[in-house]
Amino acid sequence: MEKKSLNFIELIVEDDLAKGRNDGRIQTRFPPEPNGYLHIGHAKAICIDFGIAEDYDGTCNLRFDDTNPVKEDVEYVDSIMEDIKWLGFQWKNVYYASDYFQQLWDLAIKFIKDGKAYVDEQTAEEIAQQKGSPTVPGVESPYRNRPMEENLELFQKMSNGEIPDGKMVLRAKIDMAAPNMHFRDPIIYRIITTHPHHRTGYKWKVYPMYDFAHGQSDYFEGVTHSICTLEFEVHRPLYDWFIDQFQETDYRPRQIEFNRLNITYTVMSKRRMLQLVQEGLVSGWDDPRMPTLTGLRRRGYTPTSIRSFIDKIGYTKVEGTIDLELLEHTLREELNKTATRVSAVINPVKLIITNYPEGQVEILETVNNPEDENSGTHEIAFSRELWMEREDFMEDAPKKFFRMTPGQEVRLKSAYIVKCTGVKKDAEGNIEEIYCEYDPMTKSGMPEANRKVKGTLHWLSVAHSIPAEVRLYDRLFTVENPSADERDYHELLNPNSLEVRTNCYVEEYLKDVKPFDHFQFQRLGYFNVDPDSTPEKLVFNRTVSLKDSWAKEQRK
RNA sequence: UGUCUUAUGGUGUAAUGGUAGCACGACAGAUUCUGGUCCUGUUCGUCUAGGUUCGAAUCCUAGUAAGACAACCA
């Protein structure tokens, strides 16, 4: 058994374990704010949070960081839980930062009593101004040194709802000249009376800020490893400082930061995704073009493929961008092994076998999955009139065109070898029908069928196929890194990210499919059944195309 | 002209002082009743300069480059 190399987080955990820290206990948490849908970047965090707990015999809890009622909603709580479960993880407990509002408030009182917090009455602008800049030290607030009793009284008033929103804040008293901006008397409590909290309603008038809530919540819960993304690196000294102020035993949580996930041709910020949804540029959070988990699910991505992808990209502290192709590769890798092969024609043109008896129908067998011996076969009807793809015919074909062209033999998958004899065109010269003759001795399985031909095409019997809508998805953006582009992001959107084809056909075998079933449409790609699909009107999404070396050849 | 962090092929990631490897991509070939899959091969890398060491991608120093931080967001 080959030993898998550990990532830097696992190394830290093993080192802590070896040193006996926190009594050898491992506890993590996944701490989303319920203000948006989870995306594949969150999946990366979920995999390490739950993964570390699993691998080191620890526990992982789900904790909603719901300290800002202005932005949060139960709608998101529900979707977040659903997405985590879909990925295949199970939390030990569900916690909410709002569960700790009383404890946090008590802690704030302690800070005031210890002379480590004060009430500031300045405006947000004044406070921002005094903060200085990364290179210029800040200025102390005129309210910084007011007596402890006065702070206590004012904070009580804030908490009672006697002070309007925005008029006062509670700040930690640390160091306005600190080189780390976060130490310049950070605001730890603000007044919010106008928005109900999704769990506590209007009970609380003051709410703790992230820095005063996150690490403390970790501490209250007994978290040992608080894993988050790199953007919180500069917060870590403050995380540690707060804990220093009230730590009572040897137990201590530890924050570790890793690189967040970026993928080419997409955006990973909740703000940008919200815009896409609100401006109607996509159909919703679950639009199959969205990098949200709900979008990816609707697109046809599987939980295992996403986890496998996360496993491939690893965890480091280097900020980079992953090729979308790696994600697609991971998905194809899985679906190739699992997806049933069926035929679908998404740009149909009629093919008539002139020497095949009218009215005759043959029931043929076709394999479900050549990659899986146990997958069996299913039946497909063959007759005189078929559907084939327009792209599979060319009148004046180049040498490397291995499909249907007059005079050249091709194989109809699982059926016969045919030779094109001509076409019928309308007045504008558009091809209306294609004609061919079949060789009755070349039915699949017969010795003559082994004859070498240039190519194999998929097809459908006109009388035995059912209509379907097929939605062809492509990347949402035309540039690799939309976030870094100076242009307005509207200009970067791919106008062809969705192409709806309403005149497609699929085999009768698919008449009873259910939403999220996935298939390989032979020679086209992997498709799944959209939730919009009904027995009367089937709707398929293209999850990802097959690798297409003919398309590549054509681009040369 | 601050603090923190990072630097390995086109991309991502290993090598934990001892042979720079893997995956994706690209390119070429073979096989094929999917121009898919499978298989084979090719291409391409330790940011720079010093130092420590028998030996440095790894440790040290200095540069260079990139990123994060100045919300009553998380």
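To find a chain, count down the sequence lines: A is the first, B the second, and so on, and within it residues start at 1.
Looking at Glu325(A), its side chain has no donor and acceptor atom pair within 3.5 Å of the base of rG12(B). Judged by atom type and distance alone, Arg523(A) does not reach the base of rG35(B) through any side-chain donor-acceptor pair under 3.5 Å.
Taking atom P on both rA26(B) and rU37(B), the two are 10 Å apart, rounded to the nearest angstrom. Between rA7(B) and rU42(B), the distance separating the two P atoms is 30 Å to the nearest Å. A gap of 39 Å separates the C1' atoms of rC47(B) and rC38(B), to the nearest Å. Distance noted for atom P between rA28(B) and rG63(B): 47 Å (whole Å). Atom C1' of rA20(B) sits at a distance of 25 Å from the matching atom of rU61(B), rounded to the whole Å. One P atom belongs to rU5(B), the other to rC22(B), and the distance between them is 33 Å to the nearest Å. To the nearest whole angstrom, the two C1' atoms, one in rU53(B) and one in rA70(B), are 45 Å apart. Taking atom P on both rC54(B) and rA49(B), the two are 23 Å apart, rounded to the nearest angstrom.
Here Lys552(A) reaches the OP1 or OP2 of rC27(B): one of its side-chain N or O atoms lies under 4.0 Å away. Taking only side-chain nitrogens and oxygens, Thr316(A) never comes nearer than 4.0 Å to OP1 or OP2 of rG12(B). Here Ser414(A) does not reach the OP1 or OP2 of rC33(B): none of its side-chain N or O atoms lies under 4.0 Å away.
The residue from Ile380(A), Thr377(A), Val342(A) that alone fulfils the side-chain contact (heavy atoms from CB on, under 4.5 Å) condition with Thr366(A) is Ile380(A). A ring-ring contact (aromatic ring centres under 6.0 Å, His included) with Phe527(A) is found for exactly one of Phe519(A), Phe540(A), Phe521(A), namely Phe521(A).
Taking the six-membered ring for Trp and the full ring otherwise, the centers of Phe402(A) and Trp550(A) sit at least 6.0 Å from each other.
Using a 4.0 Å heavy-atom criterion, one finds that Gly445(A) contacts the bases of the nucleic acid, with or without backbone contacts as well. Gln520(A) comes within contact range of at least one nucleobase, with a heavy-atom separation under 4.0 Å. Nucleic acid contact class of Asn259(A) (heavy atoms, under 4.0 Å, all strands): sugar-phosphate only. Looking at heavy-atom distances under 4.0 Å, Asn68(A) makes contact with sugar-phosphate atoms alone, never a base. Among the protein residues, Arg403(A) comes within range of the nucleic acid bases, having at least one heavy atom under 4.0 Å from a base atom. In this structure, Tyr526(A) reaches neither bases nor backbone, as no heavy-atom distance under 4.0 Å exists between it and the strands shown. Among the atoms of the strands shown, none is found under 4.0 Å from any heavy atom of Thr264(A). As judged by a 4.0 angstrom heavy-atom cut-off over every strand, Arg341(A) is placed among the base-contacting residues.
Heavy-atom nearest nucleotides on RNA chain B were determined for Phe8(A) and for Lys452(A), and the one closer to the 5' end corresponds to Phe8(A). Residue order along RNA chain B, read from the 5' end via each residue's closest nucleotide, puts Ile313(A) first among Ile313(A) and Pro32(A).
The side chain of His329(A) lies closest to rG25(B), out of rU37(B), rG25(B), rG35(B). Ranking rU34(B), rC27(B), rA23(B) by closeness to the Lys312(A) side chain, first place goes to rA23(B). The side chain of Lys547(A) lies closest to rU37(B) when the candidates are rC24(B), rU13(B), rU37(B). Each of rA74(B), rU11(B), rG35(B) was ranked by its minimum atom distance to the side chain of Glu72(A); first place goes to rA74(B). Nearest to the side-chain atoms of Asn336(A) among the listed nucleotides rG35(B), rA74(B), rU37(B) stands rU37(B).
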N/O contacts under 3.5 Å, protein versus nucleotides 15-21 of chain B?
none

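Contact of the Tyr239(A) side chain with the Phe232(A) side chain is not registered, since no non-hydrogen atoms from C-beta on lie closer than 4.5 Å. The shortest distance between side-chain heavy atoms of Val418(A) and Arg411(A) does not fall below 4.5 Å. Using a 4.5 Å heavy-atom cutoff, the side chains of Arg63(A) and His214(A) are in contact.
The partner of rU19(B), taking Watson-Crick or G-U wobble pairs whose two distances both stay under 3.5 Å, does not exist in any strand shown. Judged by Watson-Crick or G-U wobble contacts below 3.5 Å, the nucleotide rG55(B) has no partner. In this structure, rG10(B) forms a base pair with rC24(B), meeting either the Watson-Crick or the G-U wobble geometry with both donor-acceptor distances under 3.5 Å. Base-pair partner of rU61(B): rA49(B) (Watson-Crick or G-U wobble, both distances under 3.5 Å). Under the Watson-Crick or G-U wobble criterion, with both distances below 3.5 Å, rC38(B) has no partner in any strand shown. The pairing partner recorded for rU3(B) is rA68(B), the criterion being a Watson-Crick or G-U wobble arrangement whose two distances lie under 3.5 angstrom.
A salt bridge between Glu233(A) and Lys317(A) is present, with a side-chain N of the basic residue lying under 4.0 Å from a carboxylate O of the acidic one.
Protein atom CG of Asn481(A) is 11 Å distant from nucleotide atom P of rG12(B), rounded to whole Å. Between the CG atom of Asn368(A) and the P atom of rC33(B) there is a distance of 19 Å, rounded to whole Å. Regarding His197(A), its NE2 atom lies at a distance of 13 Å from the P atom of rC73(B), rounded to whole Å. When the C1' atom of rC73(B) is taken as reference, atom NE2 of His195(A) falls 13 Å away, rounded to whole Å. rG12(B) atom P lies 16 Å from atom CZ of Arg260(A), rounded to whole Å. In this entry the distance linking CD1 of Ile263(A) with P of rU11(B) reads 17 Å, nearest Å. For Tyr315(A) and rA14(B), the OH to C1' distance is 16 Å, given to the nearest whole Å.
By the 5.5 angstrom centroid cut-off and the 30-degree plane limit, Tyr210(A) is classified as not stacked against the base of rA74(B).
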TODO: Carefully, step by step, assess Leu62(A) and Arg29(A) under the rule side chain to side chain contact (heavy atoms under 4.5 Å, CB included).
DONE: CA-CA 6 Å; Leu62(A) 171 61; Arg29(A) 95 276 91 107; over 6 Å; no

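In this structure, a donor-acceptor pair under 3.5 Å is present between the side chains of Glu33(A) and Asn35(A). For the residue pair Thr316(A) and Asn259(A), a side-chain donor N or O sits within less than 3.5 Å of a side-chain acceptor on the partner. Between the side chains of Tyr37(A) and Glu75(A), at least one donor-acceptor pair of N or O atoms lies under 3.5 Å.
Atom-to-atom distance recorded for Ser375(A):OG and Arg341(A):CZ is 8.0 Å, nearest 0.5 angstrom.
Both tests do not hold together for Arg332(A) against Tyr526(A): distance to the six-membered ring centre under 6.0 Å, angle to the ring axis within 45°.
Listed by chain and number, the residues in a side chain to side chain contact (heavy atoms under 4.5 Å, CB included) with Lys312(A) are Ser308(A), Leu326(A), His329(A), Thr330(A), Glu333(A) (sequence neighbours excluded).
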Open item on the list: Across nucleotides 67-72 of chain B, 5' to 3', mark each nucleotide with B, S or - according to how protein heavy atoms within less than 4.0 Å reach it.
Closed with: SSSBSB

